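Below you'll find the structure, written out as structure tokens, and then a few comments.
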Amino acid sequence: MLSMLLMYGSFSVSAQAVFSTNEGAIKGYDPVAYFLDGKPIKGGEAYSFEYNGATWHFSSEKHLRLFREDPAKYVPQYGGYCAYGVASGYKVKIEPEAWAIIDNKLYLNYDLGTQKAWNKDREGFITRANANWPKLRNQVVDED
């Protein structure tokens, strides 16, 4: 029982830097697909990789290879948590369909409505989120 508790505790803390569900990081979507295919694509367990305390899934061997070679290039900003939420001082889930690539960086949002608000001042929200992220990065949240 104690070992299970310790395992759960260390998973909980280490996984907080990355938005992850039982489907994997960013709900099991392939982060490389946003850049190469220009759209969200669900990844598969056949192409998965452990990075930064989370399991990342990919839609192809090529995407997996590219991620392994340079994860920082493809990992979404703020660990895949909602960019608008981080700018507002909290970590919240995302919907993979609410996304943008700005200056070769992937940003995800809570939903399309939130993204619409975020799009009104992307630069300002990114500046605030960049300032907030160091304080929020390891904060434990209920990712229900």
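For clarity, every value in this text was computed on a predicted model and none was experimentally measured.
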Euclidean distance, [Y] [atom2] relative to [X] [atom1], rounded to 0.5 Å:
X	Y	atom1	atom2	result
Leu108	Thr114	CG	OG1	12.5 Å
Cys82	Asp111	SG	CG	8.0 Å
Leu64	Glu69	CG	CD	9.5 Å
Ser60	Leu66	OG	CG	8.0 Å
Asn130	Gln77	CG	CD	7.0 Å
Ile102	Ile126	CD1	CD1	4.0 Å

Are Arg128 and Phe125 in a cation-pi setup, meaning NZ or CZ lies under 6.0 angstrom from the ring centre and within 45 degrees of the ring axis? yes

Taking the six-membered ring of Tyr110, is the NZ or CZ of Lys93 close enough (under 6.0 Å from the centre) and on axis enough (within 45°)? yes

Identified ring pair (Phe, Tyr, Trp, His ring centres under 6.0 Å) partner of Trp56 from the options Phe19, Phe67, Tyr74, Tyr47: Phe67

Counting heavy atoms not belonging to Asp70, are there more than 12 under 6.0 Å from its CG? yes

If you draw a 6.0 Å radius around CD in Glu45, do more than 12 non-hydrogen atoms from other residues or ligands fall strictly inside? no

Give a yes or no answer on whether the side chain of Lys91 reaches the backbone of Gly85 with a donor-acceptor pair at less than 3.5 Å. no

Could you tell me whether the side chain of Gln115 and the main chain of Trp99 form a donor-acceptor pair under 3.5 Å? yes

Using side-chain contact (heavy atoms from CB on, under 4.5 Å) as the criterion, list what pairs up with Lys42, not counting sequence neighbours. Glu23, Tyr29

To check you understand the geometry: which heavy-atom pair defines the closest contact between [X] and [Y], and what is its length?
X	Y	answer
Ala117	Tyr84	CB-CE1, 4.1 Å
Ile94	Gly80	CG2-O, 3.1 Å
Ala129	Ala83	CB-O, 3.9 Å
Ala25	Val18	CB-CG1, 3.8 Å
Ile26	Pro76	CG2-CG, 3.8 Å

Within-4.5 Å side-chain heavy-atom neighbours: Val75 and Tyr51: yes

Could you see if Leu106 belongs to whatever hydrophobic cluster contains Leu112? Use Ile, Leu, Val, Met, Phe, Trp, Tyr and a side-chain cutoff under 4.5 Å. no

Salt-bridged, Glu61 to Arg65, with N to O below 4.0 Å? no

Are the aromatic rings of Tyr107 and Trp118 close, with centres under 6.0 Å apart? yes

Mind listing the side-chain donor-acceptor pairs of residues 30-39 below 3.5 Å, one per line with the distance, residues two or more places apart or on another chain?
unit_1, atom_1, unit_2, atom_2, d
Asp30, OD1, Val32, N, 2.8
Asp30, OD1, Ala33, N, 3.2
Asp30, OD2, Ser59, N, 2.9
Asp30, OD2, Ser59, OG, 2.8
Asp30, OD2, His63, ND1, 2.6
Tyr34, OH, Pro96, O, 2.9

